[in-house]
Amino acid sequence: MRQRHLGSDGLVTSALGMGCMGLSQGYGPADDNESVRAIRRAAELGVTMFDTAMSYGRGHNERLIGRALAGLPWPVQVATKFGIVRGGDGVHLDGRPEHVRGYCEASLARLGVEVIDLYYLHRVDPRVPIADTIGAMSQLVAEGKVRHLGLSEVTPAQLEQAAAVHPVSAVQFEWSLLWREPEDDIIPAARRAGAGIVPYSPLGRGMLTATLTRDEIERSDFRRGDPRFQGLDLDKNLARVAALRRVASGLGITPAQLALAWLLAQGPDVVPIPGTRRLGRIEQNAAAAGVALTRADLRDLDDAVPRAAWAGDRRSFGAVATSRRTRPVPGQA
C-alpha cells in the first residue's frame, strides 16, 4: 500500500489505517480471536497504522491490539489516545497534566510496547487549557515514550494553541461523504498548522457501505442514538446511499471503496481509518487505496450525492461541531 506523510515531523504511514474501536465497544459483541485475525490480515495487506484508545473497552482494545501485533515480522505503528476516562461512575474527560504520564505508561503496558508512535488527546478537557495538556504530552516525546502527538475533535483555536507548544502530526475528527462539516473549519486549520488529517468513521458508521440494515442500527449503541440514523433523516440518507451505490457500480467498485477513495482524493495529507471485523471488508477497504478517481468521477459523485442532501446532526461524546449547517440542495428551490 502507498505511504503518506502525516504532519511535518517525519510520521509516514499507510494511506489507509485501521480504526479498532468497534472490536471492543459500540457495535455489539465481538470475538477476540476473530478480531486478532482481522488486524493481522489488515497488516498483511499493507496497513501500518492501527488506531485505538485507552477508553475503548476500558483498556480491552489496547490489550487486543498488543496481542494482535506482537511478533509481526514487519514494522507497524500504533496510535492511541487518552482523555476519555470510563469507569464504574460513568464517563468523564481528564486532560490534567499531572495525569498524562500515568495514562501513557498504562497504555504502553497494555499494548506491550516501549514507545507509542502517535499519541492523541482524545477530547479536550474544558477545565484545562489545551496548552497545558500538550505541554505534558511533549515531555513524553522528550523522554522517548511517544514519537508524535495528535489531537482529536478540537476547534481551530484549540489546534492553534496546541501547535504553538509542540508540532501536531495529526488531527482526527469524523469526516465522510455523510458528514462534511469539517471542510469549513478544522480541515483548513489543520493544513495551516502543518498537521495531517485522520478521518474517523470514514464510512459514516457503516451507512456508506450500502449494506447497513435497520436491525443493525437498532443493535448498535453508536448508531441508535444518532439523528442521522433515525426517522426522516435516515430515509433521506438511505436515498443518497442508493445514489452512491449507482455511481460505485458504474466504476466497478463497492460503495465503501468509493467513499474511501473520495476521502483519499481530498489531499495527500489524508489518512482515513475505517474499522471492521470482517476479513472480506478489510480486503475491500485495503483495495480502495488503489482506486484513483478522475476529476470527472468526483464531479459525477458530487452531483449524485451533494453535501447538502445528507440529513441529521451527529452524536459523539465530548465532540465539537455536532450540528449540521443548513445548505440549499442543488436543483431545489
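Proximity of R127 to R96: side-chain heavy atoms (C-beta onward) are separated by under 4.5 Å at one or more points. Contact annotation: the side chain of I197 approaches that of I187 to within less than 4.5 Å [non-hydrogen atoms, C-beta and beyond]. Contact annotation: the side chain of W262 never approaches that of L260 to less than 4.5 Å [non-hydrogen atoms, C-beta and beyond]. Looking at heavy atoms from C-beta onward, M21 lies out of side-chain contact with N61 at the 4.5 angstrom threshold. Under the 4.5 Å side-chain criterion, counting only non-hydrogen atoms from C-beta, M18 is in contact with I39. With a 4.5 Å cut-off on side-chain heavy atoms, M54 and R110 count as touching. Between S55 and H122, the closest side-chain pair of non-hydrogen atoms falls below 4.5 Å. Within the 4.5 Å cutoff, no side-chain heavy atoms of T294 are placed close to those of R299.
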task: Check the pair R205, F229 against side chain to side chain contact (heavy atoms under 4.5 Å, CB included), reporting the backbone distance first and the verdict last.
output: CA-CA 10 Å; R205 305 189 187 191; F229 294 84; 3.8 Å; yes
- prompt: Can you check side chain to side chain donor-acceptor pair (under 3.5 Å) on W175 and E181, steps first, answer last?
  reply: CA-CA 8 Å; W175 186 24; E181 307 310 294; over 6 Å; no
- prompt: For L238 and M207, what are the C-alpha separation, side-chain angles and deciding distance, and is it a side chain to side chain contact (heavy atoms under 4.5 Å, CB included)?
  reply: CA-CA 8 Å; L238 290 177; M207 178 81 73; 3.9 Å; yes
field: Full working for salt bridge (charged side-chain N to carboxylate O under 4.0 Å, His left out) between E34 and R277
entry: CA-CA 7 Å; E34 290 182 0; R277 306 169 183 176; over 6 Å; no
task: Could you walk me through whether T80 and T52 pass the side chain to side chain donor-acceptor pair (under 3.5 Å) test, one step at a time?
output: CA-CA 5 Å; T80 193; T52 181; 4.6 Å; no
message: What verdict does the side chain to side chain contact (heavy atoms under 4.5 Å, CB included) test give for E160 and R192, after you've listed the backbone C-alpha separation in whole Å, the side-chain angles of each residue and the deciding distance to 0.1 Å?
response: CA-CA 9 Å; E160 183 177 356; R192 289 194 300 270; over 6 Å; no
field: Step-by-step salt bridge (charged side-chain N to carboxylate O under 4.0 Å, His left out) determination, D235 to R214
entry: CA-CA 11 Å; D235 293 339; R214 292 178 185 268; 3.0 Å; yes
message: Quick one, V171 with E153, criterion side chain to side chain contact (heavy atoms under 4.5 Å, CB included). Give me CA distance, side-chain angles, the key distance, then yes/no.
response: CA-CA 8 Å; V171 182; E153 290 286 357; over 6 Å; no
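Contacts of R40 classified as salt bridge (Lys or Arg N to Asp or Glu O under 4.0 Å), with partners at least two apart in sequence or in another chain: none. With sequence neighbours excluded, no residue forms a side-chain hydrogen bond (donor to acceptor under 3.5 Å, both in side chains) with S176. Residues meeting the side-chain hydrogen bond (donor to acceptor under 3.5 Å, both in side chains) test with W179, sequence neighbours left out: none. Every residue two or more places apart in sequence or in another chain was checked for a ring-ring contact (aromatic ring centres under 6.0 Å, His included) with Y120, and none qualifies.
Ring centers of Y200 and F173: at least 6.0 Å apart, outside the cut-off.
Annotation for R240 and A309: closest pair CD-CB, 3.4 Å, computed over non-hydrogen atoms. Listed here is the closest heavy atom pair of R123 and G318: CD-O, 3.3 Å. Here the closest non-hydrogen pair linking D132 and P97 is O-CG, 3.7 Å. Nearest heavy-atom pair across A38 and L279 is CA-CD2, 3.6 Å. Between Q230 and I217 the shortest heavy-atom distance is NE2-CG2, 4.1 Å. Listed here is the closest heavy atom pair of A304 and V247: CB-CG2, 3.6 Å.
When each of R314, R315, R324 is tested with E174 by the rule salt bridge (charged side-chain N to carboxylate O under 4.0 Å, His left out), just one qualifies, namely R314. With R281 as the partner, the side-chain hydrogen bond (donor to acceptor under 3.5 Å, both in side chains) test is satisfied by one option alone out of T211, T254, T276: T211. The side-chain hydrogen bond (donor to acceptor under 3.5 Å, both in side chains) with D32 is formed by just one residue from the set R37, H60, R67, R63; it is H60.
The hydrophobic clustering, which links ILVMFWY residues whose side-chain heavy atoms are closer than 4.5 Å, places L16 and V78 together. Residues L159 and V198 are members of separate hydrophobic clusters, defined by side-chain heavy-atom contacts under 4.5 angstrom among Ile, Leu, Val, Met, Phe, Trp and Tyr. Placement of F82 and V168 within a single hydrophobic cluster is found when ILVMFWY residues are connected by side-chain heavy-atom separations under 4.5 Å, directly or transitively. Residue L6 is not grouped with residue M137 when hydrophobic side chains (ILVMFWY) are merged at heavy-atom distances under 4.5 angstrom, including chains of intermediate members. Under the 4.5 Å side-chain contact rule for hydrophobic residues, F50 and V115 do not share a cluster.
Within the model, atoms CG of N285 and CG of L203 stand 6.0 Å from one another, a figure rounded to the nearest 0.5 Å. Separation of atoms OG (S152) and CD (Q172) is listed at 4.5 Å; rounding is to 0.5 Å. Remark: L208 CG to L177 CG distance equals 5.5 Å, nearest 0.5 Å. With rounding to the nearest 0.5 angstrom, the CZ atom of R147 is 10.5 Å from the CD1 atom of I116. If you take CD on E62 and NZ on K81, they are separated by 9.0 Å, rounding to the nearest 0.5 Å. The OG atom of S169 lies 3.0 Å from the CG atom of D9; values are rounded to the nearest 0.5 Å.
Residue E98 places its CD atom among more than 12 non-hydrogen atoms of other residues, nucleotides or ligands, all under 6.0 Å distant.
The pair D302-R295 does not count as a salt bridge, with every side-chain nitrogen at least 4.0 angstrom from each carboxylate oxygen. Ion pairing between a basic and an acidic side chain is recognised when a charged N comes within 4.0 Å of a carboxylate O; D184 and R307 show such pairing. For R41 and E283, the salt-bridge test passes: some basic side-chain N is under 4.0 Å from an acidic carboxylate O. Salt bridge annotation for D269-R191: present, with a cationic side-chain nitrogen under 4.0 angstrom from a carboxylate oxygen.
The hydrophobic cluster around V128 extends to none of the other residues, as no ILVMFWY side-chain heavy atom falls under 4.5 Å of it. The hydrophobic cluster containing F317 also includes I84, V91, L93, under a criterion of side-chain heavy atoms closer than 4.5 Å among ILVMFWY residues, counted directly or through chains of members.
Using modelled atom types, no side-chain atom of D233 and backbone atom of R228 make a donor-acceptor pair closer than 3.5 Å. Side-chain atoms of Q139 never come within 3.5 Å of backbone atoms of A136 as a donor-acceptor pair (strictly under, hydrogens ignored). The main-chain N or O of G135 is found under 3.5 Å from a side-chain atom of S138 such that the two form a donor-acceptor pair. Judged by distance alone, with hydrogens and angles left aside, the side-chain atoms of Q158 form a donor-acceptor pair with the main-chain N or O of T155 at under 3.5 Å. For S35 (side chain) and D31 (main-chain N/O), a donor-acceptor pair under 3.5 Å exists by modelled atom type.
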